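Below is one structure, written out as structure tokens, with a few remarks after it.
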Amino acid sequence: MAVTGLDIYKLLPQTNCADCGVPTCLAFAMKVAAKQAALDDCPHVSEESKEALGTASQPPQKLVTIGSGDSALKIGNETVMFRHEEKFHHPCGIAVLVNDTDDLDAKAAAIKNLFLERMGQNIGVDVVAVRCGSGDGQKLKDAAMKMQAALNLPMVLIAESADKLQAAAEGLAEARPLLWERNGPSDALVELGARTGLPIVVEGDLDKCDGDVQKARQAGIEEMVLCPGEVTPRGALQFLTMSRRAALKRTYRPLGYPVLAYAWSQDPVQLSLEACHYVLKYGSIVVLDEDRPEYVLPVLVARQSVYVDPQVPVQVEAKVHEINEPHDKSPLLVTTNFSLTYYCVLGEVEASRVPTRILTVDTEGTSVLTAWAADKFGPEQIKEAIEKSGVFDQLAEGYQKPVIPGLVAVISGELSEELGRKVIVGPREAGGIRRFFNSEWPTLVGS
Amino acid sequence: MPVPDVSERLSGAINEVTIGATEEQGGSRTRTVTIGGETSFPMLSFEGRYPHPPAFALQITAADVDDWHAEAKKHVADVAGDLEKWAGKCEEWGADLICLDLAAAHPDSGGRSPEQCADDVKRVLGASGLPLVVWGTDTDEVDNNILPKCTQAAAGENCLFGTAKELNYRTLAASCLADSHKIIAEAPSDINLSKQLHILLKDVGVNLQDIIMHPTTGALGFGMVYIYTTIERGRIAGLSGDTLMQQPVVVNIGKEIGRVKEAVSPEEESPQWGKVQVRAPLWEAATAVGYVEAGAELLVLRNPEALQQAKTALEALWPKPPESA
Ligand code: SF4
């Protein structure tokens with residue numbers, strides 16, 4: 001949270017004594033705001049002022065860490081309501097629910113299966129929510145230990161009452177699980193959280209969360225996650241929107257925490273859609289009682305999409321990418337270095353199993369048509385990229401024929417002249433690549 | 001300290017646009033569909049109005065459906081090739097509108113003549129009482145050739161015709177004005193281009209209240225988020241009072257799903273992704289729900305299963321206004 005010079009000025013004695021080395025308190029305040037001086041440089045500033053400034057400079061939504069080590073999940077610390085205003089900072093955790101009564105090996109295997117790579121990123125399920133379905137705290141601990149050993153992912157531990165969380169919380173304290181007592185936190189959970197130093201869930205409507213957060217803070221708990229409880233998607237959207245606004249726009253600290261949203265829908269399709277919706281609108285952990293990939297995949301992709309920094313074009317390296325071990329008679333596809341474009345082409349090429357080179361031209365991460373319109377994907381740029389890459393040296397005579405996207409068929413003549421080589425117009429869409437390889441390519445290179 | 005009231009009252013409202021005309025209104029539709037009219041961000045009923053639920057159209061076409069992905073094709077296999085039957089089916093499937101896609105007019109897809117296209121429009125209007133959206137081919141010359149005949153054939157029915165683009169809007173604008181239809185203004189994911197196009201349309205006489213905007217469409221994971229953000233930005237402007245951004249939004253989702261490997265790749269190729277008969281409609285529905293979150297009010301789908309799924313999901317979100325409203 002940016003603190004202005006005026007905010008700081010209000011905290012100073014306003015005597016303009018110049019003991020700080022600056023002629024006036026206001027000038028000094030400006031220096032502090034610009035981080036050119038520390039508040040301590042004023043020998044007369046009160047303890048209360050120091051504390052007030054310390055709080056004011058905290059981010060409006062707390063950063064909460066769940067788990068430990070490399071797989072730890074950091075959530076919260078968000079700064080905007082709409083991603084174009086800056087970006088969404090900390091990708092939400094996507095959690096699969098496991099009951100301590102489940103076949104844990106099967107569950108662990110299913111969750112491992114949900115660890116996928118897409119467009120150069122790992123997009124898997126990254127949290128396990130272990131619920132005490134047995135009603136026995138010891139069983140919950142055993143199940144959590146087992147999941148920890150099998151998956152080493154951050155965990156949410158869920159039980160109806162604090163006493164059932166105790167064994168697992170104490171046994172796994174080093175792994176920093178998030179403790180979720182349903183409808184909690186009771187005094188017992190607050191005590192457990194404070195003693196173990198673990199983050200806790202505060203569940204209920206905004207008013208209840210408001211009170212409970214303050215109670216827990218007084219007990220010394222710093223890291224908390226809010227949860228609207230068992231409400232309709234409409235209720236959850238309202239909670240998620242209001243709590244985030246209260247934190248970001250009014251710096252209302254009791255609601256300045258990330259939010260856990262549980263997809264309550266029974267039907268798996270609806271559950272998946274509900275979860276997607278929480279990913280887009282302000283959920284920081286989204287819990288699903290579902291582990292089949294066909295239902296989880298859209299949720300993972302929704303997260304991957306919405307947490308992209310809208311200010312930075314998503315691009316891949318501009319170079320020759322060798323797919324399926326190409327040789328000197330393999331096709332050479334030319335496209336842009338916009339990630340989406342490249343990965344669409346890559347997916348089709350991989351599926352075709354045809355050894356291929358893909359030359360990505362540096363279009364600053366813009367798509368084929370956009371780049372062409374902006375003069376970043378014209379004959380000149382393509383020629384330059386081909387020459388720079390030296391890719392023709394790897395190709396036999398007769399195969400030095402770049403295949404350009406059908407969308408820019410208009411440039412084929414000019415490019416061909418520039419290169420002094422035949423240029424092949426490929427399909428308009430990546431989806432046409434396989435057909436192109438099978439039917440057109442062989443005749444075009446005369447084999 | 002009580003929890004601060006952070007509900008927001010916004011100064012602008014999205015235009016309310018009705019598609020379709022009943023007999024009393026000079027058409028032959030059995031019902032009309034109204035979208036827009038919001039004074040809040042999507043679904044935030046606690047602080048503003050969202051008077052009409054998002055509307056869903058199902059796409060039909062006289063063109064070959066060979067390039068449709070298998071999971072969408074299986075639903076329409078019986079009716080493809082028979083627009084009238086297909087239109088009737090859409091009604092059964094719960095569509096609010098029908099979207100006749102004129103792809104068949106493109107030379108690469110059979111080159112249906114303007115007269116044939118106009119006849120297609122007439123037959124669809126005859127076969128179903130639902131309001132009609134008519135979507136051109138993406139090729140300017142073809143559109144300018146066929147669309148005037150089609151708007152004429154549907155005169156009085158208050159259809160929605162698209163698409164008008166910055167470099168090709170005059171013909172469609174004149175036709176829609178002459179035959180009293182609503183118009184889709186298409187600008188590729190950029191609110192300034194979009195506003196510019198609305199000004200151009202206004203300059204040739206189109207009422208800003210008769211425009212639905214199409215920021216173009218990408219599927220979830222395949223460009224959706226760019227357009228999602230464009231819609232959000234436009235919505236913020238519209239709700240803050242910018243009359244050039246108060247047009248409801250249409251997205252044409254159905255035809256985008258086939259590009260998404262995660263959605264349509266068969267299980268033999270991608271066993272790690274699970275059942276394709278679940279993935280394909282779910283992807284289409286998830287894309288639809290995502291666009292509604294951004295602000296879209298009219299969604300064109302292909303897969304009737306996806307339509308049901310998305311509608312059910314939105315029922316859990318859409319704040320039904322009080323009966324008296
Ligand atoms: S030392 Fe403190 S009180 Fe004196 S001028 Fe500087 S800021 Fe003001």
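Each chain gets a letter, A, B and so on, in the order its sequence line appears, and its residues count up from 1. Side-chain atoms are counted along with the backbone in the values below, which use heavy atoms only and exclude waters and symmetry mates. Note that the structure is predicted; figures quoted are calculated from it, not measured.
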Under a 4.5 Å heavy-atom cut-off, does chain B meet the side chain of [X], its backbone, both or neither?
| X | value |
| --- | --- |
| A:Phe338 | side chain |
| A:Leu369 | neither |
| A:Thr241 | side chain |
| A:Arg250 | side chain |
| A:Pro298 | both |
| A:Tyr343 | neither |

[X] side, atom [atom1]; [Y] side, atom [atom2] - distance, nearest 0.5 Å:
| X | Y | atom1 | atom2 | result |
| --- | --- | --- | --- | --- |
| B:Thr312 | A:Glu274 | OG1 | CD | 13.0 Å |
| A:Gln238 | B:Ser7 | CD | OG | 9.0 Å |
| B:Leu220 | A:Leu280 | CG | CG | 8.0 Å |
| A:Met119 | B:Phe222 | CE | CZ | 4.0 Å |
| B:Thr229 | A:Arg83 | OG1 | CZ | 3.5 Å |
| A:Phe82 | B:Tyr228 | CZ | OH | 8.5 Å |

| field | Residues of residues 277-292 of chain B within contact distance of chain A, non-hydrogen under 4.5 Å | value | B:Val278, B:Arg279, B:Leu282, B:Trp283, B:Ala285, B:Ala286, B:Val289, B:Gly290
[X] versus [Y], closest heavy-atom pair with distance:
| X | Y | result |
| --- | --- | --- |
| A:Leu237 | B:Pro42 | CD2-O, 4.0 Å |
| A:Arg245 | B:Phe41 | NH2-CD1, 4.5 Å |
| A:Pro293 | B:Gln272 | CB-O, 3.3 Å |
| A:Val306 | B:Val225 | CA-CG2, 3.9 Å |

| request: Measure from the side-chain N and O atoms of A:Gln270 to the backbone N and O of B:Gln309, and report whether any donor-acceptor pair falls under 3.5 Å. | output: yes
| task | Mark yes or no for whether A:Arg118, through its side chain, and B:Gly221, through its backbone, hold a donor-acceptor pair below 3.5 Å. | result | yes
With the threshold set at 4.0 Å, does a side-chain nitrogen-carboxylate oxygen contact exist between [X] and [Y]?
| X | Y | result |
| --- | --- | --- |
| A:Glu350 | B:Lys261 | no |
| A:Lys281 | B:Glu293 | no |
| A:Glu429 | B:Lys255 | no |

Neighbour count >12 (heavy atoms, 6.0 Å) for atom [atom1], [X]:
| X | atom1 | result |
| --- | --- | --- |
| A:Gln311 | CD | yes |
| A:Trp372 | CH2 | no |
| A:Arg353 | CZ | no |
| B:Lys275 | NZ | no |

Under 4.5 Å from any heavy atom of chain A, what part of [X] do you find: side chain, backbone, both or neither?
| X | value |
| --- | --- |
| B:Arg233 | both |
| B:Glu269 | side chain |
| B:Glu315 | backbone |

| note | Looking only at B:Met224, B:Glu232, B:Met43, the option with the highest number of non-hydrogen pairs under 4.5 Å against chain A is B:Glu232
| task | Check whether any side-chain heavy atom of A:Val314 lies under 4.5 Å from a side-chain heavy atom of B:Tyr226, and answer yes or no. | result | yes
| said: What I'd like to find out is whether the side chain of B:Phe46 reaches to under 4.5 Å of the side chain of A:Met242, using heavy atoms alone. | reply: yes
| query | Between A:Cys276, A:Gly431, A:Ala246, which has the largest tally of heavy atom pairs under 4.5 Å with chain B? | reply | A:Ala246
